[in-house]
Structure formats: C-alpha cells, structure tokens
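All of these numbers come straight from a predicted model, not from anything done at the bench.
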Amino acid sequence: MRHLSWIVTIPVALVAILFAISNRGIVTLSLWPLPFTLETPVYLATLIALVVGFLAGGFIVWNSQRRHRRRARREGNRVLYLERELKEAQARAAAAEKRLAESTRPVSGPVSGTLPGSTLPVAAAQGSAPTVH
C-alpha cells in the first residue's frame with residue numbers, strides 16, 4: 001500500500017511543481033463587497049482553490065456518510081451486548097446442568113454397572129468364556 005501511495009503522489013507533485021514554474025504571473029484577487037484585495041501568483045491562487053475544493057468535497061462526503069457510521073456504531077454496540085448476553089446465558093445453562101446432574105445422582109451406593117467410587121460404566125463381558133492369551 002505504501003508503494004501505491006508513492007506511485008500516485010510523485011506524479012501529482014511533479015505536475016504541481018511544473019504548474020507552479022509555468023504560471024508565476026501575478027493576479028489580483030478581490031471579493032466585491034469587501035474592500036480587501038490580494039496580489040498573489042497564479043499558481044498559488046489555483047493550488048489554494050484546488051486544496052479548498054478538495055477539503056470541501058471531503059467534508060461533504062464525510063457528512064453524507066454520517067448515518068451509515070451511526071448505524072455501524074449501533075450495530076457494533078448491539079453485537080457487544082448480544083455477545084455479553086450469550087456468555088451469561090451459557091454460564092447460566094452450565095450452572096443449571098451442574099445442578100441437574102447433582103440432583104439426579106443417586107443418594108446411596110454406586111449405580112449398577114459402575115465401579116465403586118466412580119461414575120464410569122464397567123464394560124460388559126461378551127460371554128462367559130475365559131480369554132485365552
């Protein structure tokens with residue numbers, strides 16, 4: 001991206017410099033109802049007008065995109081709110097599952113098919129024949 005900006009900036013700067021060298025004549029600027037006049041080189045008046053126009057256009061575009069930026073900001077805030085709500089709901093669901101597992105656990109003795117002291121099931125024997133090694 002940095003190289004792309006140089007590819008654009010260097011030719012624009014060269015054109016501005018050539019324009020300034022070629023147009024060094026003096027021009028008088030005045031605004032009719034005001035008594036002020038300004039004598040300046042043609043290139044300076046032109047370049048200032050271009051910069052002011054560029055800035056005015058940028059401001060107009062920035063201002064016209066205001067509702068889109070506002071909507072994006074609201075959507076971002078809503079996403080953050082919903083993510084927070086989701087985490088809280090997941091935490092509540094995990095706590096509820098834990099309470100449910102504790103309430104359904106037998107009160108005394110191991111569950112049939114489990115080892116004493118463990119809730120893991122014991123593998124059922126496939127038959128009554130002994131295993132040959």
Side-chain angles (χ1 to χ4, degrees):
M1 190 70 178
R2 173 177 250 170
H3 299 299
L4 182 62
S5 68
W6 282 110
I7 290 172
V8 172
T9 303
I10 290 174
V12 169
L14 286 174
V15 168
I17 290 169
L18 291 174
F19 180 79
I21 292 171
S22 300
N23 296 292
R24 290 187 293 169
I26 300 295
V27 66
T28 303
L29 302 175
S30 64
L31 188 59
W32 171 68
L34 301 176
F36 305 111
T37 61
L38 179 65
E39 291 189 7
T40 182
V42 174
Y43 71 88
L44 188 60
T46 305
L47 292 177
I48 288 175
L50 287 173
V51 168
V52 168
F54 177 78
L55 293 175
F59 176 75
I60 289 170
V61 169
W62 175 78
N63 195 31
S64 68
Q65 298 298 317
R66 182 181 62 222
R67 77 176 152 197
H68 300 294
R69 288 191 312 274
R70 184 183 314 134
R71 188 171 127 226
R73 191 170 38 252
R74 282 187 199 146
E75 297 289 331
N77 290 339
R78 181 161 170 77
V79 165
L80 292 175
Y81 173 77
L82 291 175
E83 285 176 347
R84 189 176 332 117
E85 288 290 319
L86 177 63
K87 286 180 183 178
E88 291 174 3
Q90 288 173 338
R92 286 192 305 266
E97 286 177 7
K98 184 178 178 184
R99 284 193 311 268
L100 180 64
E102 289 174 355
S103 68
T104 58
R105 189 173 40 188
V107 177
S108 63
V111 178
S112 62
T114 62
L115 293 174
S118 172
T119 58
L120 296 175
V122 176
Q126 293 295 328
S128 59
T131 305
V132 178
H133 294 290

Qualifying side chain to side chain donor-acceptor pair (under 3.5 Å) pairs with a residue from residues 29-40, counting only residues at least two apart or across chains = none
About how many Å separate CD1 of I26 and CG of L38, when rounded to the nearest 0.5 Å?
-> 10.0 Å
Apart from L31 itself, what residues make up its hydrophobic cluster, given side-chain heavy atom links below 4.5 Å?
-> L34, F36
Of the non-hydrogen atoms in Y43 and F19, which two are nearest, and what is the gap between them?
-> CA-CE2, 3.6 Å
Given the rule that I, L, V, M, F, W and Y join up when any side-chain heavy atoms are under 4.5 Å apart, are I48 and V42 in one cluster?
-> no
Test side-chain contact (heavy atoms from CB on, under 4.5 Å) applied to L82 - qualifying residues, sequence neighbours left out = R78
Listed pairs under 3.5 Å, donor-acceptor, residues 3-18 side chains, sequence neighbours left out:
from	atom 1	to	atom 2	distance (Å)
S5	OG	R2	O	2.7
T9	OG1	S5	O	2.6

By side-chain contact (heavy atoms from CB on, under 4.5 Å), E97 pairs with (sequence neighbours left out) none
Could you pull out all residues at least two apart from L86 that satisfy side-chain contact (heavy atoms from CB on, under 4.5 Å)?
-> Q90
Residues 52-75 side chain polar contacts: donor-acceptor under 3.5 Å, at least two apart:
from	atom 1	to	atom 2	distance (Å)
N63	OD1	R66	NH1	2.8
S64	OG	I60	O	3.4
S64	OG	V61	O	2.8
R69	NH1	W62	O	2.7
R69	NH2	W62	O	3.3

